[in-house]
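Reviewing the structure listed below.
In what follows, chains carry the letters A, B, and so on, assigned in the order in which the sequence lines appear, proteins first and then strands, with residues in each chain numbered from 1.
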Amino acid sequence: MESSSENLVKTLLRNPSSIKTKSQAKQLHAQIVKTRGSRSVSLATIILGVYSDLNLLKESLEVFNNFRYVPTKAWKSVVRCYSCNGYFRDSLACFVEMRGWGKLPGSDVFPSVVRACTHLKELRVGESVHGCVIRFGMESDLYTGNALMNMYAKLQVSSHDYHVLDEIPQSDRVYSRRSSLTQDSEIGILRNELIMSEKSHFESLSGRRVKNATGLDSVSKIFQMMPDKDVVSWNTVIGGNVQSGLYEEALERLREMSNAYLKPDCFTLSSVLPVFARHVNVLKGKEIHGYAIRHGFDKDEYIRSSLIDMYATCTRVEDSYRVFNLLSEKDDVSWNSIIAGCVQNGTFVEGLGLFRQMLAANVKPVEVSFSAILPACAHLTTLHLGKQLHAYIIRVGFDQNMYIASSLVDMYAKCGKIMTARWIFDRMDIHDSVSWTAIIMGYALNGHAREATILFENMQHDKIKPNAVAYLAILTACSHAGLVDEGWNYFTSMNRYGVSPELEHYASIADLLGRAGRLMEAYKFINDMPIKPTGSIWATLLSACRVHKNVELAEKVAKEMSTADPGNMGPYLLLSNMYSAAGRWKDASKLRTNMKKKGMRKPPACSWIEVRNQVHAFVSGDTSHPYYDQIHVALRDLYERLKQEGYVPQISEALHDVDEEQKSDLLYTHSERLAIAFGIISTPAGTTIHIIKNLRVCVDCHTAIKFISKIMGRDIIVRDNSRFHHFKDGNCSCGDYW
DNA sequence: ATAGGGTTAG
C-alpha cells in the first residue's frame with residue numbers, strides 16, 4: 001500500500017502535466033510533505049509548477065513564500081500564475097525582481113509578461129520586454145511572438161493619428177492618454193527599473209517607434225519575422241491590421257492564410273467582418289453571414305455583434321434587429337452595436353430607447369456606449385438628455401476619452417451652447433482632426449465665422465492637416481457669414497493640400513455664391529462642375545433665388561432640379577412660395593394643385609422648446625397646447641409692444657392670397673412665435689430661450705424675434721434646419737444674413 | 001497567445 005502510493009508519486013513527479021485537478025494536486029502535495037517533509041527545493045518547485053499550471057494562485061504563493069532561495073523555475077511559475085489570474089502588476093513586479101536576481105527568462109515566461117503589459121497598457125515597458133526577448137533569442141518562439149503582436153496591436157496608436165504624434169516624444173503622449181498607471185507610484189518605479197535595465201526594442205533599432213524604416217507597423221514586422229505561425233498568429237496580425245485601419249493588408253493576409261491551408265475560424269471572421277461591413281456592399285456581407293452559418297460560426301456571440309454592426313453599416317437596421325433579438329445573452333458590445341446602428345442610421349429616438357433598455361437590463365455603459373448615443377442628443381437637440389449623459393460621464397471618469405469629448409463638443413454646439421462646447425474643447429489634452437472639426441463646425445453653425453477661421457488656422461499649427469470634413473466645416477462657416485472671398489480661397493487651396501473637393505464642397509460654394517446674391521455666378525459654377533449636379537445643389541440655389549427674389553432664374557433652376565431629382569417636391573414648394581411672395585397667386589395655386597395631384601404634401605412647420613426638461617412642440621397655427629390661451633394672450637401683448645417699438649410686419653412672407661388682417665394673423669401664429677411666447681411665460685425673466693425649428697426662419701419672424709429679444713431683455717437662440725441664430729438686444733448673430 | 005461595438009459631414 002505504502003509503496004504503491006509512493007510509486008504513484010514518483011510517476012506523477014516525473015510527469016507533472018498529467019495532474020489535471022486541484023484535489024489531485026493537493027493530494028500529491030500533502031503526500032510529499034508527509035513522506036519527505038517540505039525542505040526539498042526541487043520537489044517544491046515541481047509542486048509550484050503544478051499549482052501554477054492549474055492557475056491556483058493561492059496555493060502557488062503558499063509554496064513560493066516558503067522558499068529561502070528561489071529557483072528560476074519557481075520565479076517563472078509565479079510570474080505566469082499572477083498574469084493568468086489577472087494580477088498583472090504583481091506579475092510584472094515579480095518579473096522585475098526575478099531579473100534583479102539575474103535569473104534568465106525564456107519562452108515559458110515571456111508570453112505572460114507581455115500579456116501583463118498589454119493589459120496594463122504599458123507600451124514602453126512592453127517594448128523593453130521586447131528588447132529583452134530579442135537579447136535572449138526568444139523572438140522565434142511562437143507564443144511569445146503572438147503575445148508581442150497582440151500587444152502592439154492593442155497599444156500602438158493607430159496610423160491616422162500618426163502625424164500628431166510624430167513630433168512629440170511619444171512616450172509622454174502614450175502615458176498621458178492610455179495609461180491608467182501614471183500616478184501609480186509602485187508601477188512607476190517598476191517601469192523605470194525595467195526601462196533602465198532593458199533597452200527599449202525600437203529605440204535600439206531605429207530610435208523611431210511604431211512605424212519603422214520598412215514602412216511596416218510593428219505587428220506586421222513581427223509577423224514576417226516569425227518562423228512558425230499558427231492560426232492564432234494569423235488571427236492576431238489580421239486583427240492588428242484591421243485595428244490600424246489597414247484593411248487592404250488585412251484582406252491580403254486573409255487570402256494568404258487560405259493559401260497556407262489554414263482555415264479561418266471564429267476569431268478570423270469576427271476580425272474581418274467590420275472590413276466587409278465598411279468597404280463592401282450588403283451582398284458581400286450577406287455572403288459572409290452565409291459562410292458563418294454554414295460553418296456554425298453564427299452562434300458565436302462575437303460574430304453576432306459583428307453582424308449587427310455590419311447590417312447597420314449597410315443601412316439595414318431591420319436585419320441588425322433580427323440578429324440582436326436572436327442573442328440569448330446581450331452583453332455591452334451587442335447593446336452598443338445595435339444602439340450605434342440606430343444612431344448612425346438616423347433613428348435617434350429608437351437609439352435613446354435602446355440605451356434606456358440597456359441600463360434597465362443592468363448592463364453597465366462603457367466609453368463606447370456614450371460616444372454612440374451622444375450624437376442622438378446632438379441631432380435631436382435634447383440638451384437636457386445630453387447634460388444628464390455628461391454628468392454620468394464625469395461621474396465615471398470618461399470625460400477625457402477622445403471620442404466622448406468630441407461628441408460632447410458637438411452635442412453642446414448643436415444645442416446652441418457654443419461656450420460650453422469650447423470649454424470642453426479647451427480642456428481636452430489632445431485634439432485630433434475630429435475634435436477640431438467638431439468645434440469649427442460648431443462655430444460655423446452658430447454664426448461665428450471669425451472664430452471658425454482662427455481655429456482652422458490653429459488646427460494647422462497643431463500639425464493637423466485639414467481633411468475633407470474639416471474643409472466642409474470652414475466652407476460652411478464662410479457661406480453662413482457671407483465671407484465669399486475667404487470661402488473661395490479655402491476652396492481653391494484644397495487641391496494644394498491634397499484634398500480633392502467632393503460634391504458637398506461644390507454644394508457649399510454654390511451656396512456661398514447664392515446666399516451672397518451672386519446668383520448668375522452660382523448658376524454658372526454649378527453648370528461647370530466636374531461632378532453631375534444633384535437636386536440638392538440646385539435646391540440651395542433655388543432658395544438663394546427666393547431670398548434675392550429672382551423669379552426668372554428660379555424657374556430655370558426649378559426645371560433643372562426636377563430633372564435631376566423628379567421625386568423631390570422642394571422645387572415646387574419654393575417656387576410656389578416665390579410666386580406668392582411676388583403676388584403671382586395664380587401661378588402659385590396652379591403649382592400647388594399640380595403638387596397635390598402628384599401626391600406631394602408640404603411638411604408642417606414645427607418648432608419646439610425645452611422647459612423644465614420637457615419638450616414642447618408647436619406646429620404652425622397650433623391651438624392644442626394646454627396653455628394655448630395664455631400663449632395667445634402673451635402673443636397679442638407682444639404684438640402690441642412690437643408695434644410700439646416700430647415693428648412692421650412684412651406680409652409678403654405670409655405667402656398666401658388672403659386679406660391684410662388675416663395675413664398679420666398668420667404672422668403671429670408661426671410655430672416659432674408660439675414656442676417663444678410659451679418660453680417667455682414659463683421661464684423666469686432673463687432666462688435664455690432655446691428654440692428649434694424644422695424649417696428656415698422667415699424674414700418676418702426674424703425681424704420680430706430681434707424686437708422681442710430687445711423688449712423682453714432675453715437672449716433667444718433659434719436653431720433652424722441649417723444654423724443657429726443668437727438674438728440679443730435687438731440684433732442677431734447672423735447679421736441678417738442666412 | 002487570438003476576436004465583436006464609438007466621435008466630426010448644408
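Note on A/Q243: every side-chain N or O is 4.0 Å or more away from OP1 and OP2 of B/dA3. One finds a side-chain N or O of A/N150 lying less than 4.0 angstrom from the OP1 or OP2 phosphate oxygen of B/dT2. The phosphate of B/dA9 (OP1 or OP2) has no side-chain N or O of A/N467 nearer than 4.0 angstrom. In this model, the phosphate group of B/dT7 is not approached by any side-chain N or O of A/K414 to a distance below 4.0 Å at OP1 or OP2.
Picking from B/dA9, B/dA3, B/dA1 the nucleotide with the shortest atom distance to the side chain of A/S271 gives B/dA3. The A/D410 side chain lies nearest to B/dT8 when the options are B/dA1, B/dT8, B/dA3. With B/dG6, B/dG4, B/dA3 as the choices, the nucleotide that has an atom nearest any side-chain atom of A/S306 turns out to be B/dG4. Across B/dG4, B/dG6, B/dA9, the shortest atom-to-atom separation from the side chain of A/V368 is found for B/dG6. The side chain of A/S270 sits closest to B/dG4 out of B/dT2, B/dG4, B/dT7. The side chain of A/T476 lies closest to B/dG10 when the candidates are B/dG10, B/dG4, B/dT2. You'll find that the side chain of A/S305 is closest to B/dG4, out of B/dA9, B/dG6, B/dG4. Comparing B/dA1, B/dT7, B/dG6 by their closest approach to the side chain of A/N401 singles out B/dG6.
Using the six-membered ring where Trp is involved, A/F491 and A/F525 have ring planes that are perpendicular, over 60° apart on the 30 and 60° scheme.
Backbone-only contact: A/R115 has heavy atoms under 4.0 Å from sugar-phosphate atoms and none from a base.
For the pair A/K465 and A/Y497, the cation-pi test (distance below 6.0 Å, angle within 45°) is failed.
Residues of residues 325-335 of chain A that place a heavy atom closer than 4.0 Å to DNA chain B, in numerical order, are A/D331, A/D332, A/V333.
No donor-acceptor distance shorter than 3.5 angstrom exists from the side chain of A/N150 to the backbone of A/N146, with no hydrogens or angles considered.
Stacking of the aromatic ring of A/F267 onto the base of B/dT2 is found: the ring centres lie under 5.5 Å apart and the planes are inclined by under 30°.
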